[in-house]
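Data block below; observations after.
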2 protein chains.
Amino acid sequence: MKHHPIVPRERILDTALRLFHAQGYNATGINQIISEAGVAKASLYLHFKSKEELGIEYLNARHDLWFTQLRLFTDAEKKPRKKILAAFDFLTHINENENFRGCSFLNLLSEIQPDNFVLLASIQTHKQELRQFFADILEDQKNDISDIVYMLFESAITESQLFKSQWPVEKAQQAVSDLFKLKYIK
Amino acid sequence: MKHHPIVPRERILDTALRLFHAQGYNATGINQIISEAGVAKASLYLHFKSKEELGIEYLNARHDLWFTQLRLFTDAEKKPRKKILAAFDFLTHINENENFRGCSFLNLLSEIQPDNFVLLASIQTHKQELRQFFADILEDQKNDISDIVYMLFESAITESQLFKSQWPVEKAQQAVSDLFKLKYIK
DNA sequence: AATTAAACATACAGATCAGTCTATTTACGG
DNA sequence: CCGTAAATAGACTGATCTGTATGTTTAATT
């Protein structure tokens, strides 16, 4: 268990990333994290002052990872229409890779208490950025179809998680495609 | 604390309904439920064999309550178009009444483990019924716009919970309204 | 080689969790 | 009025939780 390739802090964060997403935040204990990360408990509290701080760092890391992967799909396209449709292909991809576990942020939203403004703000910021991502691609000024795209996109994630199936992604993607035809979006 | 108006079993279920929805399933302990229900612990385990069984009954009760309230809005309308739009008014209503706590079923979905097929099935059945509810109103045979409505409806609930705002309901309702105009749905 | 800090193992505290058990009291139907 | 079942209070088990404290070992730098 000695001579790990990466430093303890990253091992903790990587493990937390995996476990929080796979099992949920409350269902994942500190002891399981340090055990699977191969790290002492004191080391965890050396790098993170509490479980909640680890939760915040988890969201930050997940945010970066998620958007990086998303852009791998969308940057490959030039036309706005194709960029958006590629975003839905990305959903199909993570559903396969992560066994329909849905959105880390929305999952955590369901677990936090109404008075936890810190984590709520972090979740809201992530989703606001996604909203803006669609708005930027579609250069939304007059029409507000980017929020429709956003909402269908969000629904595709959640409903895939619920039904453990890709059909919501396909339906949403098709609906967006139809909408673009209608609005003459290239 | 004696001479309660309703029997212990209902007091437990009512309290669980309120607390599970407000705080989440895992965050709500048995002790809090019996305390607020004014019931002995042995009484709880007399009527429910475990917390999970209480969880199942919670979903059942919530299902009935939710659809009953929904139909209060939709049954008041005759035209399919107006029925659907009234369903979104219902969302605005529960957002106000329940402080943007979102959907009980999707919230629980985020908390359960992937191997919990019992609770997953219960959640899926509820949502399948909602899907069918829209399909029946729109008499979906050829076109499949009812699933688009369903997905926008779902998104409206979740995004309202996330942003603690009614804007997602309004946007989704407007989008559905536009879609109906386009497809000549009365 | 000595210093320093990071990482280690592990025990412990204090709280809370679901669930069981014992024993007593209440309420109701025959 | 008596017997039965429901409901009560509350102690208790054993597990788990987050977080702290103690002391040792490792590793890198000067």
Side-chain angles (χ1 to χ4, degrees), chain A residues 1-59 107-108 110-113 115-116 118-119 122, chain B residues 1-59 107-108 110-113 115-116 118-119 122:
Chain A
M1 201 54 92
K2 303 291 144 108
H3 296 300
H4 283 280
I6 52 174
V7 296
R9 192 183 193 278
E10 281 185 74
R11 263 182 288 151
I12 295 167
L13 208 44
D14 287 352
T15 309
L17 209 68
R18 180 170 53 84
L19 293 178
F20 283 161
H21 187 55
Q23 306 177 348
Y25 178 78
N26 288 324
T28 303
I30 291 293
N31 291 320
Q32 189 186 6
I33 294 175
I34 61 168
S35 164
E36 298 199 15
V39 145
K41 184 175 278 195
S43 300
L44 188 146
Y45 284 99
L46 187 74
H47 294 289
F48 308 92
K49 76 167 208 271
S50 65
K51 188 187 179 184
E52 178 168 326
E53 189 178 285
L54 184 55
I56 293 167
E57 291 305 313
Y58 155 67
L59 290 187
N107 284 338
L108 189 55
S110 294
E111 296 206 55
I112 64 174
Q113 298 304 307
D115 62 349
N116 194 334
V118 177
L119 286 177
S122 186
Chain B
M1 198 56 86
K2 304 291 146 104
H3 298 298
H4 282 281
I6 51 175
V7 295
R9 192 183 193 279
E10 280 186 74
R11 263 182 290 154
I12 296 168
L13 208 46
D14 287 352
T15 308
L17 209 69
R18 179 171 54 84
L19 293 178
F20 284 160
H21 187 56
Q23 306 178 346
Y25 177 78
N26 288 325
T28 302
I30 291 293
N31 291 321
Q32 189 186 7
I33 293 174
I34 61 169
S35 163
E36 298 198 15
V39 146
K41 185 175 279 196
S43 300
L44 188 146
Y45 284 98
L46 188 74
H47 294 290
F48 307 93
K49 75 166 206 273
S50 66
K51 189 187 178 184
E52 178 169 324
E53 189 176 285
L54 184 57
I56 292 168
E57 291 304 311
Y58 155 67
L59 290 186
N107 284 337
L108 189 55
S110 294
E111 295 206 56
I112 63 173
Q113 298 305 306
D115 61 349
N116 194 334
V118 177
L119 286 177
S122 185

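Residue numbers start from 1 in every chain, and the chains themselves are labelled A, B, ... in the order their sequence lines are given, proteins ahead of strands.
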Measure from [atom1] on [X] to [atom2] on [N] and round the result to the nearest Å.
X       : N      : atom1 : atom2 : answer
A:Glu10 : C:dA7  : CD    : C1'   : 16 Å
B:Ile34 : D:dA7  : CD1   : P     : 14 Å
B:Glu53 : C:dG19 : CD    : P     : 10 Å
B:Leu46 : C:dT20 : CG    : P     : 12 Å

Between the protein and nucleotides 11-18 of chain D, are there any N/O to N/O pairs under 3.5 Å, and if so, what are the atom names and distances?
from, atom 1, to, atom 2, distance (Å)
D:dT18, OP1, A:Lys51, NZ, 3.0
D:dT18, OP2, A:Ile30, N, 2.7

For the residue pair A:Phe20 and A:Tyr25, does the interplanar ring angle fall in the parallel (under 30°), tilted (30 to 60°) or perpendicular (over 60°) class?
tilted
Does the side chain of B:Thr28 come under 3.5 Å of the side chain of B:Gln23 through a donor N or O and an acceptor N or O?
yes
Working for side-chain contact (heavy atoms from CB on, under 4.5 Å), residues B:Ile33 and B:Val39:
CA-CA 8 Å; B:Ile33 293 174; B:Val39 146; over 6 Å; no
A:Arg9: partners by salt bridge (Lys or Arg N to Asp or Glu O under 4.0 Å), with sequence neighbours left out
none
My understanding is that only residues two or more places apart in sequence, or in another chain, count here; which of them pass salt bridge (Lys or Arg N to Asp or Glu O under 4.0 Å) with A:Glu52?
none
Look at A:His47 and C:dA7 and indicate whether a side-chain polar atom (N or O) is within less than 4.0 Å of OP1 or OP2.
yes
Judged by nearest nucleotide, the residue sitting upstream toward the 5' end of DNA chain D, A:Glu52 or B:Val39, is B:Val39
Within the structure provided, determine whether A:Thr15 and A:Ile34 are in side-chain contact (heavy-atom separation under 4.5 Å).
no
